[in-house]
Asker: 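Got a structure here, written out as structure tokens. Questions coming.
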Amino acid sequence: KQEVTQIPAALSVPEGENLVLNCSFTDSAIYNLQWFRQDPGKGLTSLLLIQSSQREQTSGRLNASLDKSSGRSTLYIAASQPGDSATYLCAVTSNTGFQKLVFGTGTRLLVSP
Amino acid sequence: DTEVTQTPKHLVMGMTNKKSLKCEQHMGHRAMYWYKQKAKKPPELMFVYSYEKLSINESVPSRFSPECPNSSLLNLHLHALQPEDSALYLCASSQDPQGNTEAFFGQGTRLTVV
């Protein structure tokens, strides 16, 4: 059974810092890995999708990497801003025929001005 | 347009009520999903519809009844719920149910069962 873990569970940084969020998964047989952002009480916003054959994806100040063989992904946020404060979730899709996202436990990020 | 629209945003219902949650997408996606998220927990899959047919039911109690009237709409019918069913219900869609495609989520319906 796929298990996804995120470290740290919570992170508090001052504005302007670069930061790294970590995601690990137990079964490397995945289709892809997706990073999401969730504001309190809201839905999920897709940030980046990395296919299993890719090593990284970039979007603006965000860069996500994937090391499938070791079961790890990182989300790098450059020059953090207070508006980045949210919970960040990674999710993997196993190659079992239907897209079933298994979510990590989340990292709650607070960026203070 | 990458929008998945869910209605209502908030719902309070008694344990004897019948209500429905609605989800709509106009991206031409052929897979639609219902997830349940309890407070401070990650979302958990409930149902998957592929080409308007139920593909996955994650052993969800029968008091939750999904329906996919057409390729753009997904409903979740609720009946005789329990207080522990209170949660954020999220709808999602993706282009290809069996492929390597991005999932898009709605803003959710916050359900409270009293």
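In what follows, every heavy atom counts, from backbone to side chain, and hydrogens, waters and symmetry copies are set aside. A note on names: the letters A, B, ... follow the listed sequences, proteins ahead of strands, and every chain is numbered from 1.
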Asker: Applying a strict under-4.5 Å side-chain criterion to I, L, V, M, F, W and Y, I'd like to know whether B:Val4 and B:Trp34 cluster together.
Answerer: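 B:Val4 and B:Trp34: separate clusters.
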Asker: Which residues, numbered in order, of residues 52-75 of chain A come under 4.5 angstrom of chain B by heavy-atom distance?
Answerer: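 Contacts with chain B: A:Ser52.
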Asker: Tell me whether B:Phe105 shares a hydrophobic cluster with A:Leu47, the cluster being built from Ile, Leu, Val, Met, Phe, Trp, Tyr side chains joined at under 4.5 Å.
Answerer: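 B:Phe105 does not cluster with A:Leu47.
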Asker: State whether the number of non-hydrogen atoms from other residues, nucleotides or ligands found under 6.0 Å of B:Lys9 atom NZ is greater than 12.
Answerer: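 Open: at most 12 neighbouring heavy atoms sit under 6.0 Å from NZ of B:Lys9.
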Asker: Mind checking which of residues 53-74 of chain B sit less than 4.5 Å from chain A, heavy atom to heavy atom?
Answerer: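 Within residues 53-74 of chain B, the residues under 4.5 Å from chain A are B:Ser55, B:Ile56, B:Glu58.
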Asker: As a quick check of understanding, evaluate side-chain contact (heavy atoms from CB on, under 4.5 Å) for B:Leu88 and A:Gln38, giving each step before the final call.
Answerer: CA-CA 12 Å; B:Leu88 181 67; A:Gln38 185 172 33; 3.8 Å; yes
Asker: Which atoms of B:Ala103 are under 4.5 Å from chain A, going by heavy atoms: the side chain, the backbone, both sets, or neither?
Answerer: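 Both parts, backbone and side chain.
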Asker: Please round to the nearest 0.5 Å and tell me the distance separating atom NZ of B:Lys40 and atom OG1 of A:Thr105.
Answerer: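 B:Lys40 atom NZ to A:Thr105 atom OG1 measures 13.5 Å (nearest 0.5 Å).
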Asker: Using heavy-atom distances under 4.5 Å, tell me whether A:Leu89 contacts chain B through its side chain, its backbone, both, or neither.
Answerer: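 For A:Leu89, the contact with chain B is made by the side chain alone.
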Asker: Any link between B:Leu45 and B:Met32 through a network of hydrophobic side chains (Ile, Leu, Val, Met, Phe, Trp, Tyr) touching at under 4.5 Å?
Answerer: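 Hydrophobic grouping puts B:Leu45 apart from B:Met32.
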Asker: What's the verdict on side-chain contact (heavy atoms from CB on, under 4.5 Å) for B:Tyr35 and A:Leu101, showing C-alpha distance, side-chain angles and the deciding distance?
Answerer: CA-CA 10 Å; B:Tyr35 283 81; A:Leu101 287 167; 3.3 Å; yes
Asker: Find the distance between CG (A:Asp39) and CD (B:Gln107) and round it off to the nearest 0.5 Å.
Answerer: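 Interatomic distance, A:Asp39 CG to B:Gln107 CD, rounded to 0.5 Å: 8.5 Å.
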Asker: Quick check on the hydrophobic clustering: are A:Val92 and A:Leu48 connected, directly or via other members, by side-chain heavy-atom contacts under 4.5 Å?
Answerer: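 Yes: a chain of side-chain contacts under 4.5 Å links A:Val92 to A:Leu48.
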Asker: Which heavy-atom pair separates A:Leu49 from B:Thr101 by the least distance, and what is that distance?
Answerer: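 Residues A:Leu49 and B:Thr101, closest heavy atoms: CD2-C, 4.0 Å.
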Asker: Is chain A contacted by the side chain of B:Gln37, its backbone, both, or neither, given a heavy-atom distance below 4.5 Å?
Answerer: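 Contact with chain A involves the side chain of B:Gln37 alone.
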Asker: Decide whether B:Val113 and B:Leu90 are clustered together by the hydrophobic rule: side chain heavy atoms of Ile, Leu, Val, Met, Phe, Trp, Tyr closer than 4.5 Å, transitively.
Answerer: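 B:Val113 does not cluster with B:Leu90.
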Asker: Could you have a look at B:Ala39, B:Ser94, B:Pro43, B:Pro42 and say which one has the most heavy-atom pairs with chain A under 4.5 angstrom?
Answerer: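 Most heavy-atom pairs within the cutoff with chain A belong to B:Pro43.
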Asker: Go through the atoms of A:Gln34 and report whether side chain, backbone, both or neither lie under 4.5 Å from a heavy atom of chain B.
Answerer: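 Just the side chain, heavy atoms under 4.5 Å.
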Asker: Please indicate whether B:Glu52 has more than 12 foreign heavy atoms, meaning atoms of other residues, nucleotides or ligands, lying under 6.0 Å from its CD.
Answerer: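 Check passes, neighbour count above 12.
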